[in-house]
Chemist: 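Can you keep this structure in mind? I'll have questions shortly.
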Amino acid sequence: MTTAPWRDPALPAAARVDDLLARMTLEEKTAQLYGVWVGAATDGEGVAPLQHEMTEEYDWEELITRGLGQLTRPFGTAPVDPAVGARSLASAQRRIMAAGRFGIPALAHEECLAGFTAWQATAYPVPLAWGASFDPELVEEMARRIGHDLRAVGVHQGLAPVLDVVRDPRWGRVEETIGEDPYLVGTVGAAYVRGLESAGIVATLKHFAGYASSAGARNLAPVRAGVREFADVTLPPFELALREGGARSVMAAYTETDGVPASADPALLTGLLREEWGFTGTVVADYFGVGFLQSLHRVAEDPAGAAHLALAAGIDVELPTVKCYGTPLIEAVRAGRVPEALIEESARRVLLQKCALGLLDEDWSPEPPAGEAPVDLDPPGNRAVARRLAEESVVLLDNPDGLLPLAPDARIAVVGPRAADALAMLGCYSFPSHVLPRHPEVPVGIGIPTVLDALRAELPDAKVTFAEGCDTSGPDTAGIEEAVARATEADVCVAVLGDRAGLFGRGTSGEGCDASDLRLPGVQGALLDALVATGVPVVLVLLTGRPYALGRWQGRLGAVVQAFFPGEEGGPAVAGVLSGRVTPSGRLPVSVPRLPGGQPWTYLQPPLGLAGEVSNLDPTPLYPFGHGRSYTTFAWEDPAGSDPEITTDGTYEVAVTVRNTGDRTGAEVVQLYLHDPVARVTRPDVRLIGYRRLELAPGAARRVTFRFHADLSAFTDRTGRRVVEPGALELRLAASSTDVRHTARLTLGGPERVLGAERRLLCAVEVSEDV
């Protein structure tokens, strides 16, 4: 038997795909451009298509005779045992392969924002906690584990990471972001991509681009970012994750910028992404994003028009299920409304990706690697990484009188609506928060110790009492009296407050759960006031998906601990910080505001965005970006810089030795900021351009050297060019965006440089052995 060229793995992928496309009908090519939203059967016999108000009715058996591009969320739609789900997916793939002329399987994708969004899978800390760790290497290890779990059950593509930069903390999806700084978001996001891709999973960058800049922090609201903000804040994380991470897919954003929806923007999805940046992978729609061009944006009159706009812009795959790219598109091509070449171009990219995944190979098998054996998606190794990341991400905001660590035999009143709820640890896209509310009869499937349980285990000799005090978001204050009573009986009160993750208003944080201001949700502020009024020292522990304004309690709290939805091991991590077993080392990836108004505000502000005499409103945060305290102390010694005169294509080295001068092991995060005193357009007063986390034993020291290249000073000028401008600069070695330990002044000489896509994106860092 002669093997068709497209089946021959010895041939170049492009030749194989060209041969295949030449054999396919219009219907078969188009079928590669959409997914079908399915749920895995609990008997292992296949998947069942799901219907939604945004989908068309179709005959599954007839549909798959044309082939199928993707299977949408076979594990993330309903609770199914992982091994059974893997067998169901394999069964569905066999049916798809048998039904079509070419026997090509579908590409299966899943959400994996903070772990594989599947029943019984590890729930890791949310991305905002990754940012708080300032530890890309650990994030990469986590992502590698997530990728291996996805591969083990037959999934090929993960819809993560989110690379939106926080512009307004009232936005509900802040928990899904890595922070408010593009360098932090880009470097940590690229690490996640490397980990996922190293496991053979296609990483999908989202949401491209501008989604987090929606007006008024409302989900899907129009984006009113200027050209320079878009170029210098919004886009760099995506560029970093593509160049340094190797992501093979990008998801278009829902939003529109200056009247142009991202899903219908060829300048963004083709001109910038493909032609300027050289991206060769696939662009997928956010769920229902193609249909939204008709129903929400109203830039298309019918599904065929929406399909045409999206394809012409550069969206290859309609997700989550077929609507516009199915029959309406085929009929429009037949009628001459849409060029078939658009379908050919996208189908080629989809099939090239399937070829790279081995899905075009004759010997590809859908059978799960484990066969009939049980599949453990939450093994001890996963939990160990989840614990370590949770511990590294907890931020000690304040501990003015050394109240923490708690005494091991203290009388402790634990109070608050988040103290005894396991879901307080999890973000919106964790399976228990995202899917299980629709299945109340199903157990959570993973162990999630609460802060209350973990603290009792951490301090067995302490006398721990508990009162809820109030609901997370409700108006009832009846429980505050009991909470105050428990506090007055104790040596110290631990108030565990924060968010409940949910969807579209069913939570206080999460997709579509936007906040009108940054007060603590519900009556939690009143509860905290009442606890503080007792005179008993209060340790505030926040389990949230965004920062909240804390200026109302400045100077009135014994200590403040911030954790951003720290995952299934978050309870023990927080308890470890409270007990002193864990030395806190997290740093803020977002500023903590002083007042609930005066928003939006992030630290990336030009001079007129800072406090000044021109306004009575002071936006200065209570705790700045990069801030975090420890139980040990660090000395920054012997700062030094190289020749202060470099060219606009030159490199400058700045170094410092960091010594642990305390009596316990801890981690310091050395941060490098750029200050540009004079530029032709206004610039942020400071912005992060490098960092390194250092783990140091008592007395140990390490020298950190940053190699700053002039490209890192570039910005977008009035003409839209990215330029390196001659002139004076300052490099600031700092423990936060405001805690500057050493300033190095240098001058860029020579001609102005205009940078292209090959500009340097990273600040090289070298760390010596112990000195």
Side-chain angles (χ1 to χ4, degrees), residues 52 73 76-79 111-119 121 123-129 159-160 162 164 166 168-177 206-207 211-212 214 216-221 254 286-288 320 416-446 448 450-451 468 470-476 496-524 542-548 563-568 570-571:
H52 183 280
R73 300 192 68 185
T77 301
E111 297 283 1
C112 56
L113 179 80
F116 182 8
T117 307
W119 191 49
Y124 292 95
V126 297
L128 200 58
L159 304 187
V162 169
D164 296 296
V166 175
D168 186 333
R170 297 173 299 176
W171 191 49
R173 303 189 79 166
V174 166
E175 65 175 69
E176 300 180 41
T177 74
K206 56 188 191 181
H207 308 86
Y211 188 22
S214 56
R218 293 179 60 248
N219 193 42
L220 269 69
Y254 285 131
D286 204 344
Y287 284 12
F288 308 109
R418 302 287 75 201
D421 186 349
L423 293 186
M425 303 298 157
L426 305 183
C428 174
Y429 270 80
S430 67
F431 192 87
S433 296
H434 199 72
V435 179
L436 283 187
R438 299 194 300 273
H439 303 272
E441 77 286 356
V442 176
V444 172
I446 51 176
I448 310 174
T450 67
V451 169
E468 186 177 41
C470 65
D471 181 59
T472 302
S473 57
D476 190 359
V496 187
L497 312 181
D499 280 316
R500 180 185 66 254
L503 284 166
F504 307 113
R506 295 191 292 274
T508 62
S509 174
E511 185 173 0
C513 297
D514 310 314
S516 58
D517 59 40
L518 294 174
R519 293 177 175 86
L520 288 171
V523 296
Q524 292 184 71
L542 291 166
L543 301 172
T544 68
R546 63 165 64 85
Y548 283 100
F564 297 107
F565 290 141
E568 64 182 33

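In what follows, every heavy atom counts, from backbone to side chain, and hydrogens, waters and symmetry copies are set aside. Bear in mind that the values here come from a model prediction, so they are computed numbers and not experimental data.
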Chemist: Please give me the minimum heavy-atom distance between A422 and T450, naming the atom from each residue.
Modeler: N-CG2, 3.6 Å

Chemist: Which residue pairs pass the salt bridge (Lys or Arg N to Asp or Glu O under 4.0 Å) test with at least one member in residues 515-524, sequence neighbours excluded?
Modeler: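 Qualifying pairs, neighbours excluded: D517-R519.
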
Chemist: Do I446 and I448 touch side chain to side chain, with heavy atoms closer than 4.5 Å?
Modeler: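 In contact.
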
Chemist: State, yes or no, whether a side-chain contact exists between L497 and L520 at a heavy-atom distance under 4.5 Å.
Modeler: yes

Chemist: Mind checking what makes side-chain contact (heavy atoms from CB on, under 4.5 Å) contact with D514, not counting sequence neighbours?
Modeler: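 side-chain contact (heavy atoms from CB on, under 4.5 Å) check on D514 returns W171, R218, N219.
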
Chemist: Would a 4.5 Å heavy-atom cut-off, applied to side chains only, mark P169 and L518 as touching?
Modeler: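 Sidechains of L518 and P169: in contact.
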
Chemist: Output the distance between atom CG (L113) and atom OG (S430), rounded to the nearest 0.5 Å.
Modeler: 9.5 Å

Chemist: Identify, with sequence neighbours excluded, every residue that meets side-chain hydrogen bond (donor to acceptor under 3.5 Å, both in side chains) alongside T117.
Modeler: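 With sequence neighbours excluded, T117 shows a side-chain hydrogen bond (donor to acceptor under 3.5 Å, both in side chains) to no residue whatsoever.
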
Chemist: Among all residues two or more places apart in sequence or in another chain, which pass the ring-ring contact (aromatic ring centres under 6.0 Å, His included) test with Y429?
Modeler: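 H434.
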
Chemist: Within the side chain of Q524, is there an N or O that forms a donor-acceptor pair under 3.5 Å with the backbone of T472?
Modeler: yes

Chemist: Which distance, rounded to the nearest 0.5 Å, do you find between the CG of L220 and the NE2 of H207?
Modeler: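 Rounded to the nearest 0.5 Å, the CG-NE2 separation comes out at 9.5 Å.
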
Chemist: Could I get the full list of side-chain contact (heavy atoms from CB on, under 4.5 Å) partners for R506, not counting sequence neighbours?
Modeler: L503

Chemist: Over all heavy atoms of both residues, which pair between P125 and P566 is shortest? Give the atoms and the distance, please.
Modeler: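 Looks like CG-O, 3.2 Å.
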
Chemist: Keeping the roles fixed (side chain from T77, backbone from R73), state whether a donor-acceptor pair exists under 3.5 Å.
Modeler: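 The answer is yes, because a donor-acceptor pair under 3.5 Å joins these two groups.
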
Chemist: Residues in side-chain contact (heavy atoms from CB on, under 4.5 Å) with C513, at least two apart?
Modeler: none

Chemist: Should R546 and E175 count as side-chain neighbours, where that means a heavy-atom distance under 4.5 Å?
Modeler: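 No - every pair of side-chain heavy atoms lies 4.5 Å or more apart.
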
Chemist: Taking only residues two or more places apart in sequence or in another chain, which ones pass side-chain hydrogen bond (donor to acceptor under 3.5 Å, both in side chains) with D471?
Modeler: none

Chemist: Grab the two heavy atoms, one from G510 and one from C428, that are nearest each other, plus how far apart they are.
Modeler: CA-CB, 3.7 Å

Chemist: For residues P437 and P432, report the shortest heavy-atom separation together with the two atoms involved.
Modeler: CD-O, 3.2 Å

Chemist: Please check if the side chain of K206 supplies one atom and the backbone of L159 the other of a donor-acceptor pair under 3.5 Å.
Modeler: yes

Chemist: Can you name the side-chain contact (heavy atoms from CB on, under 4.5 Å) partners of T544, sequence neighbours left out?
Modeler: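 With neighbours one apart ignored, the set is D499, L542, Y548, Q562, F564.
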
Chemist: Is F431 close to P79 at the side-chain level, that is, under 4.5 Å between some pair of heavy atoms?
Modeler: yes

Chemist: Taking the side chain as every heavy atom from C-beta outward, state whether F504 and E511 have any atom pair closer than 4.5 Å.
Modeler: yes

Chemist: For F116, which residues count as a ring-ring contact (aromatic ring centres under 6.0 Å, His included) partner, sequence neighbours excluded?
Modeler: F75

Chemist: Mind checking what makes side-chain hydrogen bond (donor to acceptor under 3.5 Å, both in side chains) contact with T177, not counting sequence neighbours?
Modeler: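 None.
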
Chemist: So which atom in S473 and which in T508 form the shortest heavy-atom distance, rounded to 0.1 Å?
Modeler: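 Nearest pair, atom of S473 first, then T508: CB-CG2, 3.7 Å.
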
Chemist: For L426 and A501, work out which heavy atoms get closest and say how close.
Modeler: O-CB, 3.4 Å

Chemist: Going by the rule salt bridge (charged side-chain N to carboxylate O under 4.0 Å, His left out), which residues pair with E176 if we only count those two or more places apart in sequence or in a different chain?
Modeler: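 If we apply the salt bridge (charged side-chain N to carboxylate O under 4.0 Å, His left out) test to E176, skipping adjacent residues, the hits are R173.
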
Chemist: Provide the full list of salt bridge (Lys or Arg N to Asp or Glu O under 4.0 Å) pairs with a residue in residues 420-431, sequence neighbours left out, each pair given once.
Modeler: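 Output for this query lists R418-D421.
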
Chemist: Under the side chain to side chain contact (heavy atoms under 4.5 Å, CB included) rule, what do V174 and L128 come out as? Steps first, then yes or no, please.
Modeler: CA-CA 7 Å; V174 166; L128 200 58; 3.9 Å; yes

Chemist: Using atom types as modelled and distance alone, determine if a side-chain donor or acceptor of W119 lies under 3.5 Å from a backbone N or O of P443.
Modeler: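 Yes: the side chain of W119 pairs with the backbone of P443.
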
